[in-house]
Amino acid sequence: MRYQFISKLLFLALLPITTQALELSWVGCGITRNAFMADLAAAYKEETGIDITIAGGGATKGIREITGNQADIGGACRFKLDSSRVEASANMIPVAWDALVVVVHNSNPIDSISLVQLRELYRGKITNWSQLGGADQPLELLIRKGKISGVGYTLRQHLFEDPKASFISKHEFPSSGPLEKTVEKNPNAIAVTGIASAHKRDFKILKLEGKEPSFEKIRTGNYLLYRPLYLVHNRHSPNSRESNRFIQFALGPKGREIIRKNDVVPYFDGMLLLQKRMEHWKQFVREALAKQ
């Protein structure tokens, strides 16, 4: 009897060991998701065999679900809020540069907008296309709901230097995806979104102060409205080690090449922008807005 028991143990020990493959989850900024996350996840799976499920929900979700251990990796198009205890433990790693761009329907004859006009638009002082050189008809400004979305928070800082500034609009959207889709369909719509996902849409991107948001202009800081895109990591999460491996992959040569192929500037490609252009940009914006 004892011999049979030992034999069974030896038999079980010789069986091939199978373990469930690790799967990571990513949640967050729709602009980052639409821009390059799917391609990064596919390349990472090809290299490591690890699946990454991807869900949107916005920058705030991309930070807070990571600190709450509800997902493994987050995506955010704003930095964590200093005033938020919920976001305090988030580890924010910049991976790319995104430009904020003004978008309209393809049929719209407008080609360019100034910073002053953009500020007046969000103050509710521009309500007709004729005020921007277009036809005499009402315009509809589309905005993100709340004041701490990635686009909304950054735009408030850039245009008003006040993250609590109010935007005047009746057209609020819970995330960037539905907002962008509405611009594609509505000839009267105007909105601001990230160039990282705007490239994937069928609408017109306006010049800002006469400058197109090209890859090179964003990289060098010659386009004025830009912000980092982050991957969010929690060092204390169960899958922290593998999440960090993915982030290092995104920052590495293959990850940066994938980001470039999606017409987005990898973070380290824009270090000149970070180091030398920030003060010049702030000065230009303030001077332009002071001309009102």
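We're numbering straight along the sequence, starting at 1.
- In this structure, Pro213 and Leu206 approach most closely via the heavy-atom pair CD-O, 4.3 Å.
- Side-chain atoms of Thr193 never come within 3.5 Å of backbone atoms of Ala198 as a donor-acceptor pair (strictly under, hydrogens ignored).
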* Let me see the working for Trp26 and Thr32 under side chain to side chain contact (heavy atoms under 4.5 Å, CB included), right down to the final yes or no. => CA-CA 11 Å; Trp26 182 97; Thr32 303; 4.0 Å; yes
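- Contact detail for Tyr122 and Leu142: the closest heavy-atom pair is OH-O, 4.4 Å.
- For the pair Arg245/Tyr44, a side-chain contact is recorded, criterion being any heavy-atom separation below 4.5 Å from C-beta on.
- Contact check for Pro228 versus Trp97: side-chain heavy atoms found under the 4.5 Å cut-off.
- Atoms CG and CG, from Leu115 and Leu159 in turn, are 7.0 Å apart once rounded to the nearest 0.5 Å.
- Surrounding CD of Gln117 are more than 12 heavy atoms belonging to other residues, nucleotides or ligands, all under 6.0 Å away.
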* Walk me through it: do His105 and Ser107 pass the test side chain to side chain donor-acceptor pair (under 3.5 Å)? => CA-CA 5 Å; His105 190 267; Ser107 65; 2.7 Å; yes
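- The shortest side-chain heavy-atom distance between Trp129 and Val104 falls under the 4.5 Å cut-off.
- Glu87 contributes atom CD, which lies 9.0 Å from atom NZ of Lys80 (distance to the nearest 0.5 angstrom).
- The hydrophobic cluster around Val86 extends to none of the other residues, as no ILVMFWY side-chain heavy atom falls under 4.5 Å of it.
- Other members of the cluster containing Leu81 are Ile148, Tyr153, with ILVMFWY side chains joined at under 4.5 Å, either directly or via other members.
- Environment of NZ in Lys181: sparse, with no more than 12 heavy atoms of neighbouring residues, nucleotides or ligands closer than 6.0 Å.
- Of all the heavy atoms in Leu231 and Ile73, the pair that sits closest is CD2-CG2, 4.3 Å.
- Tyr226 has its side chain out of reach of Val265: every pair of non-hydrogen atoms, C-beta onward, lies at least 4.5 Å apart.
- Atom CD of residue Glu242 and atom OG of residue Ser237 lie 11.0 Å apart, to the nearest 0.5 angstrom.
- The main-chain N or O of Asp72 is found under 3.5 Å from a side-chain atom of Ser25 such that the two form a donor-acceptor pair.
- Within a 6.0 Å sphere centred on CG of Asp82, other residues, nucleotides and ligands contribute 12 heavy atoms or fewer.
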* Which is it for Thr60 and Arg78 under the side chain to side chain donor-acceptor pair (under 3.5 Å) test, yes or no, and what are the steps along the way? -> CA-CA 8 Å; Thr60 301; Arg78 67 161 173 84; 3.0 Å; yes
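- Using a 4.5 Å cut-off on side-chain heavy atoms (C-beta onward), Ser243 and Leu24 make contact.
- Phe246 places none of its side-chain heavy atoms less than 4.5 Å from the side chain of Thr48.
- Placement of Ile205 and Ile190 within a single hydrophobic cluster is found when ILVMFWY residues are connected by side-chain heavy-atom separations under 4.5 Å, directly or transitively.
- Here the CG-CD1 distance, from Asn262 to Ile195, works out to 12.5 Å after rounding to the nearest 0.5 Å.
- The minimum heavy-atom distance linking Arg123 with Ile168 is given by the pair O-CG1, 3.2 Å.
- Within the 4.5 Å cutoff, the side chain of Val183 has no heavy atoms near those of the Arg201 side chain.
- The distance from the CD atom of Glu184 to the CG atom of Asp202 is 5.5 Å, given to the nearest 0.5 Å.
- For the pair Met92/Ile63, a side-chain contact is recorded, criterion being any heavy-atom separation below 4.5 Å from C-beta on.
- In summary, Glu46 and Lys254 do not engage in a salt bridge, as defined by a charged side-chain N under 4.0 Å from a carboxylate O.
- Residue Lys147 places its NZ atom among more than 12 non-hydrogen atoms of other residues, nucleotides or ligands, all under 6.0 Å distant.
- By the 6.0 Å contact criterion, NZ on Lys204 is enclosed, its count of non-hydrogen atoms from other residues, nucleotides or ligands being greater than 12.
- No side-chain donor-acceptor contact under 3.5 Å links Lys207 to the backbone of Glu212.
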